[in-house]
Structure formats: structure tokens, C-alpha cells
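When reading the values below, keep in mind they use all heavy atoms of this one structure, side chains included, and skip hydrogens, waters and symmetry mates. Quick note: residue numbers are just sequence positions, from 1. No experiment lies behind these values; they were computed from the predicted model shown.
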Amino acid sequence: MGKRNCWQEMGCGREPGGARVRELGVCPAAVESRLSGVNDGLNGGRCCWAITGTLCGGEVQGTFAHKVGGCLLCPFYIRVRDEEGEAYVTTKEIIRRLKA
């Protein structure tokens, strides 16, 4: 199986055209084109932990500062970090790209 984006792995239904878009809106990670290719993902799909407004535990998450603690324990985050190995783009670099 190839590398998966967060919405594929988590089944949140917030990707464009997804089952829960009407209820929760499109996930910012699914459309964050400035991050396309980061950690080998589509848009922000493999760096969702650095993007506000993603879904976790059935709830839309707020600021990076409020969500990052849980994200760093997330099995998806750990998988991305392990899959990318030396090529892993750090959270600090992801945030720098978002601010640019």
C-alpha cells in the first residue's frame, strides 16, 4: 500500500466531495496547496498536525498550540514520521512554509 493522506487514513470525510463536508466543511489540510508534496502528500495531507481546523476525535480542532500535543501522539503522525525517515519535513519547516 502506498503512502496515504490523513483523510484517507482517518476516514473523516472532509476531503473535497467527502461524506461529511456538508456537516463539517472541507478540511484545511485537504486543500492547503502550499504544502503539496510535503512528506510526499497531497496538499496538507501528510502534515495535518501543523494545520488548524483539522478533525480529531470527531471535533474540529483549533489553534496549533492547542492541538499539537495530541497530534504528536497520533498514530498517523508517527507513521508519516517513520515512513519519511531522513526525508521527513519537520513541523517547524511546515509552519515556516505556511507563513511564507
Is there a side-chain contact between L98 and F64, using heavy atoms and a 4.5 Å cut-off?
no
Is the closest side-chain heavy-atom distance between T90 and E93 below 4.5 Å?
yes
With side chains defined as the heavy atoms from C-beta onward, is the minimum distance between N43 and L35 less than 4.5 Å?
no
One should read off an interatomic distance between E32 CD and L42 CG, to the nearest 0.5 angstrom, of 11.5 Å
Besides L55, the hydrophobic cluster formed by Ile, Leu, Val, Met, Phe, Trp and Tyr side chains linked at under 4.5 Å, directly or via other members, contains L24, V60
So which atom in P28 and which in G53 form the shortest heavy-atom distance, rounded to 0.1 Å?
CD-O, 3.3 Å
Give a yes or no on whether I78 and V89 share a hydrophobic cluster (residues Ile, Leu, Val, Met, Phe, Trp, Tyr; joining criterion: side-chain heavy atoms under 4.5 Å apart).
yes
For R46 and D40, the nearest pair of non-hydrogen atoms, with its separation, is CD-O, 3.6 Å
Quick one: does I51's side chain get under 4.5 Å of I94's, heavy atoms only?
no
Cluster question for you: counting only ILVMFWY and a side-chain heavy-atom cut-off of under 4.5 Å, with indirect links fine, are V31 and V21 together?
yes
pair T54-K67: side-chain heavy atoms closer than 4.5 Å
yes
Sequence neighbours excluded, which residues qualify as side chain to side chain contact (heavy atoms under 4.5 Å, CB included) partners of Q8?
R4, N5
Short question: side chain of R14, backbone of G25 - any donor-acceptor pair under 3.5 Å?
yes
Using the rule that two of Ile, Leu, Val, Met, Phe, Trp, Tyr join whenever any of their side-chain heavy atoms come within less than 4.5 Å, decide whether Y77 and M10 are in one cluster.
yes
Indicate yes or no: at least one non-hydrogen side-chain atom of Q61 is less than 4.5 angstrom from one of H66.
no
For the atom pair SG (C47) and CZ (R81), what is the distance rounded to the nearest 0.5 Å?
15.0 Å
Where does the angle between the aromatic ring planes of W49 and F76 fall among parallel (under 30°), tilted (30 to 60°) and perpendicular (over 60°)?
tilted
